[in-house]
Chemist: 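Quick one: this structure, given as structure tokens, is what I'll be asking you about.
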Amino acid sequence: MIITIRRQVSSEERIQLAALLQQLTGGQRPTISTLIEEREVIVLDDSQLDAQVYTAISLQGAVERVIQVQTPYKLVSRAFKAERSSILVGDVESNQAVTIGDAAEMPVIIAGPCAVESRAQLLSTAQAVKAAGAQILRGGAFKPRTSPYQFQGLGIEGLQLLREARELTGLPVITEVMEPDMVETVAEYADILQIGSRNMQNFPLLFAAGRNHFHRPVMLKRGLSATIEEWLLAAEYIVAAGNPDVILCERGIRSFDTHTRNLLDLTCVPLLHELTHLPVIVDPSHGTGRRELVPTMSRAAIAAGADGLILEVHPDPNSALCDGRQSITPEQLQSIVRETQIMSQVLEIKTNRSLVA
Ligand code: PEP
Ligand code: MN
């Protein structure tokens, strides 16, 4: 249930509503109060409440509107917000801000190295990414590696290099944050916070990203074996904490076959458009683990209605310190950008995406 509070509300009315909700939930389940588009809302799980309860709540003086949402995720659902969201990234005041989602002219292309390795590597890749026509630069400064003996990223130095790359190219940057205590530091440097697959259910991290003082959007990657519902509930944590700007990223899930690194679940793209108003982008690099499959799966993702792609690019993929096998060259990126432009015109993707509604 999502309760919108009236703009003018007295403290008595608030107390009365709080008492009623306390009584209804037995004080056992949290009621979360947050701001959505500058309106105060209270959200609670209503799966165990009777139908009459809605009338009782809507009659409260503090209440403007009550929405019943059947799914366990509430604020990210289309039952709450019918129209699809658009998220503005980068310097909103300048003309360099990038739109992701419904209002975008075409799907967004995010590209860059898996990891920031050195100044020369990042700056040359950033320039190539810009020249290829991509709109956002990616690069990991803090790397969640499977083995403790693998390259772990340059840390703060990597963030500084990303800032330099942004100044050089004008491209907004996205980078991963792995721990709650680092959210504010990463948000100081990055235009989008990336929460990686391994942290999709790191709840303190989701909460901290939802509260970041820089109001940076968050790209939430699907967990290694996460169901769509678990993923949407993870997104719900960020939104409920106060940050409506969440982008979902499908990056493949665990499967039994070893020919590809993961199984890229493109069915989730149209499905998510039905379930949630949040933009959905696809990562064919981690989704396949193989550079030669990336162009085809990029096309497939766009055809499925993705709001964008995130691609790993390296000037010399075979010498990359991280994920070289799945990294494409700047030349390959250029042709993916071109194909995306053509496909979005041919398929009239914008229209199709609205039709999903
Ligand atoms: C990455 O984007 O480099 C990354 C580590 O991705 P994921 O969390 O999807 O594995
Ligand atoms: Mn990677």
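Read the numbers this way: they start at 1 and go in the same order the structure lists the ligands and their atoms. Only a predicted model underlies this, so the values are computations on that prediction, with no experimental measurement involved.
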Chemist: Could you grab the protein N, O or S atoms closer than 2.8 Å to the Mn ion (ligand 2) for me?
Modeler: Cys114 SG, His286 NE2, Glu312 OE2, Asp323 OD2
Chemist: When you pair each N or O of ligand 1 with protein N or O atoms, which pairs come out under 3.5 Å?
Modeler:
unit_1, atom_1, unit_2, atom_2, d
ligand 1, 2 (O), Arg138, NH1, 2.9
ligand 1, 2 (O), Arg138, NH2, 3.4
ligand 1, 2 (O), Gln194, NE2, 2.9
ligand 1, 2 (O), Lys221, NZ, 3.0
ligand 1, 3 (O), Arg138, NH2, 3.0
ligand 1, 3 (O), Lys143, NZ, 2.9
ligand 1, 3 (O), His286, NE2, 3.3
ligand 1, 3 (O), Glu312, OE2, 3.2
ligand 1, 6 (O), Lys221, NZ, 3.0
ligand 1, 8 (O), Ser197, N, 2.8
ligand 1, 9 (O), Ser197, OG, 3.2
ligand 1, 9 (O), Lys221, NZ, 2.9
ligand 1, 9 (O), Arg251, NE, 2.7
ligand 1, 10 (O), Arg198, NH1, 2.8
ligand 1, 10 (O), Arg251, NH2, 2.9

Chemist: So, His215 versus Asp245: side-chain donor-acceptor pair below 3.5 Å or not?
Modeler: no
Chemist: Pairing donors with acceptors under 3.5 angstrom, does anything connect the side chains of Arg251 and Ser197?
Modeler: yes
Chemist: For Tyr237, enumerate each residue passing the ring-ring contact (aromatic ring centres under 6.0 Å, His included) test, keeping only those at least two apart in sequence or located in another chain.
Modeler: Phe203
Chemist: Tell me yes or no: between the side chains of Arg290 and Gln326, is some donor less than 3.5 Å from an acceptor?
Modeler: no
Chemist: Are a donor atom and an acceptor atom from the side chains of His277 and Glu83 found within less than 3.5 Å of each other?
Modeler: no
Chemist: Rest of the hydrophobic cluster containing Ile281 (Ile/Leu/Val/Met/Phe/Trp/Tyr, side-chain heavy atoms under 4.5 Å)?
Modeler: Ile87, Val89, Val98, Ile100, Val108, Ile110, Ile136, Ile174, Ile192, Met219, Ile247, Ile310
Chemist: When rounded to the nearest 0.5 angstrom, what distance separates CD in Glu164 from CZ in Arg119?
Modeler: 4.0 Å
Chemist: Cut-off 3.5 Å, side chains only: do Asp45 and Ser47 have a donor facing an acceptor?
Modeler: yes
Chemist: Please check if atom CZ in Arg29 has more than 12 non-hydrogen atoms from other residues, nucleotides or ligands closer than 6.0 Å.
Modeler: yes
